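See below for the structure under consideration.
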Amino acid sequence: MNIKGVEIGAGQPKVVVSFTNHSKETIDEEIESALSHPGIFDIVEIRSDAFDALSHEEHINLINHIVEEMKDYPIIYTYRTLNEGGKGQKTAAEYESLLNAVLEQCSIDIIDIEFFKYEDIVDNLVQKAKEKGVGVILSQHDFKDTPHFDEMMATYMNMYERGGDILKLAYKPLDGRDVLSVLSAVHDAREKFNCQIVGIAMGEMGRITRLAGGVFGSCLTYGYISHKAAPGQVHAEVLKENLKIFE
């Protein structure tokens with residue numbers, strides 16, 4: 001999966017940095033910080049759930065502003081809802097409408113779609129993204145628990161069958177066995193399915209999945225430059241340096 005010269009799935013996991021501020025002024029600070037640190041990240045994620053106070057037009061305009069300023073990097077668009085650990089409070093219908101508008105009006109490269117929305121919403125958004133030539137991350141997040149290995153594998157399979165290009169699971173581990181279970185699921189899914197896989201155990205306990213996930217088959221690892229977007233995230237510079245250990 002090659003986007004703007006970034007080969008996702010080849011070599012070490014690609015480092016994604018998330019923009020999580022809520023206004024043009026604060027986003028511009030994140031853009032400036034990112035552009036002043038070239039080489040420590042590969043992909044930009046726009047976490048637009050931070051923009052909930054903006055109007056629809058302002059939301060789209062801000063996405064396009066970031067896309068233009070960061071045009072040399074692949075762009076992931078993500079609206080993370082409250083149910084999956086984000087700040088977004090839109091209803092399912094509003095979520096579908098927003099993502100459709102972004103696909104129509106913004107030159108993003110990948111869109112993150114929450115997998116456990118209503119089935120027709122997920123299928124419609126996947127179809128729309130495919131029509132627009134936009135890559136699809138299908139994601140599930142649970143900040144309370146880690147499911148059994150077999151359940152994780154079943155979710156990966158379901159995501160694959162529904163058209164995901166990148167399948168992402170992120171869970172809260174309760175102990176070291178949960179961390180190992182996530183990494184095992186990543187390994188087996190990467191062997192079984194003809195697509196890219198991401199598996200994250202969140203928090204301090206799961207930090208190894210962000211640093212060494214590529215050994216097991218994870219294609220992306222999420223870090224930050226200005227502000228953490230999730231518990232356990234590592235600064236992008238530290239991520240890049242530590243990934244060299246596993247080359």
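Positions are given from 1, in the same order as the sequence printed here. The model shown is predicted, which means the values in this text are computed figures rather than measured ones.
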* Asked: Just checking, is any N or O donor in the side chain of Ser181 or Ser184 under 3.5 Å from an acceptor N or O on the other one?
  -> no

* **Verdict with supporting geometry, Asn100 and Tyr95, side chain to side chain donor-acceptor pair (under 3.5 Å)** => CA-CA 9 Å; Asn100 268 312; Tyr95 174 91; over 6 Å; no

* Can you tell me if NZ on Lys90 sees more than 12 non-hydrogen neighbours from other groups inside 6.0 Å? -> yes

* Identify whether the distance between the nearest side-chain nitrogen and carboxylate oxygen of Arg47 and Asp49 falls below 4.0 Å. => yes

* Asked: Minimum heavy-atom separation for Pro74 to Asp109, with atom names?
  -> CA-OD2, 3.3 Å

* Indicate if Ile113 and Tyr118 have the same hydrophobic cluster label, given that clusters are the connected sets of ILVMFWY residues with side-chain heavy-atom separations under 4.5 angstrom. => yes

* Asked: Does Lys240 pair with Asp42 as a salt bridge, N-O distance under 4.0 Å?
  -> yes

* Asked: Are Ile63 and Leu35 in one and the same hydrophobic cluster, where Ile, Leu, Val, Met, Phe, Trp and Tyr link if side-chain heavy atoms are under 4.5 Å apart?
  -> yes

* To do: May I ask you to check whether Ser48 and Tyr77 show a side-chain donor-acceptor distance below 3.5 Å?
  => yes

* Leu169 reachable from Met157 in the ILVMFWY side-chain graph, under 4.5 Å edges -> yes

* Would a 4.5 Å heavy-atom cut-off, applied to side chains only, mark Asn2 and Val6 as touching? -> no

* **Passing candidate, side chain to side chain contact (heavy atoms under 4.5 Å, CB included) with Val126, options Ile121, Asp165, Leu138** => Leu138

* To do: Group every Ile, Leu, Val, Met, Phe, Trp and Tyr by side-chain heavy-atom contacts under 4.5 Å, then state whether Phe116 and Tyr79 land in the same group.
  => yes

* For Asp28 and His65, does a side-chain donor sit closer than 3.5 Å to a side-chain acceptor? -> yes

* Structure fact -> So the ring-ring contact (aromatic ring centres under 6.0 Å, His included) pairs with at least one residue in residues 25-55 (sequence neighbours excluded) are Phe41-Tyr73, Phe51-His59

* Does a donor on one side chain sit under 3.5 Å from an acceptor on the other, for Glu114 and Thr81? -> yes

* Residue Glu131 excluded, over 12 heavy atoms near CD under 6.0 Å -> yes

* **Under 3.5 Å donor-acceptor, Glu69 side chain and Ile31 backbone** => no

* Shared hydrophobic cluster for Leu211 and Val215 (ILVMFWY, side-chain gaps under 4.5 Å) -> yes

* Asked: Could you go step by step and tell me if Glu45 and Thr78 meet the side chain to side chain donor-acceptor pair (under 3.5 Å) rule?
  -> CA-CA 7 Å; Glu45 178 190 42; Thr78 300; 2.7 Å; yes

* Taking the side chain as every heavy atom from C-beta outward, state whether Phe115 and Lys168 have any atom pair closer than 4.5 Å. => no

* Asked: Ion pair present between Lys24 and Glu58, side-chain N to carboxylate O less than 4.0 angstrom?
  -> no

* To do: Count the heavy atoms belonging to other residues, nucleotides or ligands that lie under 6.0 Å from CD of Glu94, then report whether that count exceeds 12.
  => yes

* **Flag if over 12 foreign heavy atoms under 6.0 Å of NE2, His22** => no

* Asked: What closest approach, in Å, do Cys106 and Ile60 show between heavy atoms, and which atom pair accounts for it?
  -> SG-CG2, 3.9 Å

